[in-house]
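Take a look at the structure set out below.
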Number of protein chains: 2
Amino acid sequence: MNDELNDLLEKHGLKKTGPRVKVLSVLKLRDTAASQPELEEIIGKEIDRVTLYRVLTAFEEKGIIHKVLDMNGTAKYAVCDSSCTDKQHKDEHVHFNCTLCLNVYCMDTLHIPQLVIPAGFTSQVVNMMVYGICDKCNLKLKG
Amino acid sequence: MNDELNDLLEKHGLKKTGPRVKVLSVLKLRDTAASQPELEEIIGKEIDRVTLYRVLTAFEEKGIIHKVLDMNGTAKYAVCDSSCTDKQHKDEHVHFNCTLCLNVYCMDTLHIPQLVIPAGFTSQVVNMMVYGICDKCNLKLKG
DNA sequence: TTATTTATGCAACAAAGTTGCATTTAATTA
DNA sequence: TAATTAAATGCAACTTTGTTGCATAAATAA
Ligand SMILES: [Mn+2]
Ligand SMILES: [Mn+2]
Ligand SMILES: [Zn+2]
Ligand SMILES: [Zn+2]
């Protein structure tokens, strides 16, 4: 797996540093998006807070991860589709924010419906967030 | 107009105080959503920062205004449809966030398309934000 | 191996939002 | 109208998320 991470960094022209490999490996293993504070808690003081922010920013700029804002306005990050580059993100999928566990899921199979917006306005990116109860929380409730 | 504002506060069971009338009148006159920091700048030190937050929270809970997060995760508020109550917000319209002037517009005529979400997940509220160039900024660019 | 470029760590700062508590004000009651 | 009561306000202190400047360290290139 470490090879895979190194390749991904190299492919996007980023130096293979300890913090970058670590952050990328954590994000790759998750099925929900992670914020800087969450990553800080997972990784511990091994990586500086500021470095974490800068790693995330670098990854986003290169198209390795994409940013989603949760219901509190906190930035959360998830790994991108492999077709993303520094020129263009192709993550036009719906996101789901669980109101119980607060996790943010990438609904990779749900693409965002087309919209006809009013004359005069120009659309660049569209963002769709569904708030509700996720599958795991529903199981806990009903089970 | 002041009568209208007083009626609105009374209708939702809120005391008619100076700060509340002032904030509501400012929000009513705008065509874009306003954040606490923006309102603070508009209104000045006449109203305390914390009071502003509490007025906005009270308005939101009663269904007088609704909250939208802009591209930076900052909460912005706009007046609700008159059918909103403390039981239920009926603001299921699309929002537009201009990437130049950063204003957030309520697209009252654009309702959010229906989505079929995966089994196991339960949807409560759906949020749709279009990022792009607003009509005013487009005019400045082309004009 | 040395030079060069880039990333990291630390300290300090900033913006947005929250909490506790004493004081004031609006609405209610007498 | 005046006293009462419940709620709202103002102020100070705090928290969380995110940024910036700068010296040091590490990765890649020569
Ligand atoms: Mn995603
Ligand atoms: Mn709206
Ligand atoms: Zn959940
Ligand atoms: Zn604009």
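Quick caveat, the model's predicted, so the values are computed rather than measured.
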Annotated protein contacts, base or backbone, on nucleotides 2-12 of chain D with a non-hydrogen cut-off under 4.0 Å, one of B, S, - each: ----BSSBBBB

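The closest side-chain heavy-atom distance from B:P118 to A:M107 is below 4.5 Å. Contact check for B:N127 versus A:M128: no side-chain heavy atoms found under the 4.5 Å cut-off. Residues A:V23 and A:L52 meet the side-chain proximity criterion, which asks for heavy atoms closer than 4.5 Å. In this structure the side chain of B:H93 never reaches within 4.5 angstrom of the side chain of B:H111, judged on heavy atoms. The side-chain heavy atoms of B:K28 and B:L5, taken from C-beta on, include a pair separated by under 4.5 Å. Side-chain contact between A:L9 and A:K62 is absent, with no heavy-atom pair separated by less than 4.5 Å.
In this structure, B:E10 atom CD and C:dA27 atom P are separated by 8 Å, rounded to whole Å. Atom C1' of nucleotide C:dA7 and atom NZ of A:K22 are separated by 19 Å, given to the nearest angstrom. Going from atom OH of B:Y53 over to atom P of D:dC14 covers 18 Å, rounded to whole Å.
Of the options B:D31, B:T32, B:L100, a side-chain contact (heavy atoms from CB on, under 4.5 Å) to B:K136 is made by B:D31 and by none of the others.
Of all the residues in residues 59-76 of chain A, not one reaches under 4.0 Å from DNA chain C with any non-hydrogen atom. Interface residues of residues 31-43 of chain B facing DNA chain C, ordered by number: B:P37; criterion, heavy-atom separation under 4.0 Å.
Grouping Ile, Leu, Val, Met, Phe, Trp and Tyr residues whose side-chain heavy atoms lie under 4.5 Å apart, directly or via other members, leaves B:Y53 alone, with no other cluster members.
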Worked verdict on A:I64 versus A:L8 for side chain to side chain contact (heavy atoms under 4.5 Å, CB included): CA-CA 8 Å; A:I64 298 174; A:L8 194 51; 4.1 Å; yes

Steps toward ring-ring contact (aromatic ring centres under 6.0 Å, His included) verdict (B:F59, B:Y77): CA-CA 10 Å; B:F59 284 0; B:Y77 295 90; 9.3 Å; no

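For A:Y105 and B:F121, the ring centers are positioned less than 6.0 Å apart.
Applying the side chain to side chain donor-acceptor pair (under 3.5 Å) test to residues at least two apart or on different chains, the pairs with a partner in residues 10-22 of chain B are B:E10-B:K16.
Summary of helix geometry: the two end axes of the helix from C:dT1-D:dA30 to C:dA30-D:dT1, each defined by five base pairs via their C1' atoms, are inclined to each other by 30° (rounded to 10°).
Judged by distance alone with a 3.5 Å cut-off, a donor-acceptor contact links the side chain of B:R49 to the base of C:dG17.
Between B:E40 and B:K45, none of the side-chain N atoms (NZ, or NE/NH1/NH2) sits under 4.0 Å from a carboxylate O, so this pair counts as no salt bridge.
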